[in-house]
Structures are given as C-alpha cells and as structure tokens.
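Beneath this line is the structure, given in structure tokens, with notes to follow.
Quantities reported herein were computed from a predicted structural model and do not represent experimental measurements. The first residue in the sequence is number 1, and the count goes up from there.
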Amino acid sequence: MKAITSVLFLLSILLFAGAIWNALALIKPGFYPPKQVLKKRAAALAGGGVIFCLVSIILSSF
C-alpha cells in the first residue's frame, strides 16, 4: 500500500509541475499553442494533480 501512495504522490507532483509549466508558458510571448489551449491544459493538469493528491492522502491515512 505504501508503494501505491508513493506513486500517486509522485504522479500528483508531476501533474502540478506540468500545470505550472503551462501556466508559465502563458507569460512567454510567441508561444505556439493559443492561450485558451494553455489555460485549459493547465487547469486539467492541476485538477488531476489535486485528485491524485487527495486519493494518495486518503490511502496513506489507512
């Protein structure tokens, strides 16, 4: 069970890092994907990160 929670924590960290990467890409001028696409992608990655983080916290409490 400990290995599963560790993997889920790692996955949530990676998703948060991807969300930050896409959010920072909004600031850069001339970045290819349109801003709407980057906003949706960052929101989806952050949402997935929150879900995996919550699941891993719940599993680690058992």
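To the nearest 0.5 Å, the span separating CG on Leu8 from CD1 on Ile13 amounts to 11.0 Å. To the nearest 0.5 angstrom, Leu59 atom CG is 9.5 Å from Phe9 atom CZ. The structure places CD1 of Ile27 at 11.0 Å from CG of Leu38, a figure rounded to the nearest 0.5 Å.
Heavy atoms only, all atoms of each residue included: Cys53 and Ser12 are closest at N-CB, 3.7 Å. Scanning all heavy atoms of the two residues, the minimum distance from Gly49 to Leu15 falls at N-CD1, 3.6 Å. The two residues Ala42 and Ala19 make their nearest non-hydrogen contact at O-CB, 3.6 Å. Shown here for Leu26 and Lys39, the closest heavy-atom pair between the two residues is CD1-CG, 3.9 Å.
For the pair Phe16/Leu45, no side-chain contact is recorded, criterion being any heavy-atom separation below 4.5 Å from C-beta on.
Hydrophobic clustering (ILVMFWY, side-chain heavy atoms < 4.5 Å, transitive): Leu14 and Val7 are in distinct clusters. With hydrophobic clusters built from ILVMFWY side chains whose heavy atoms lie under 4.5 angstrom apart, Leu10 does not share a cluster with Met1.
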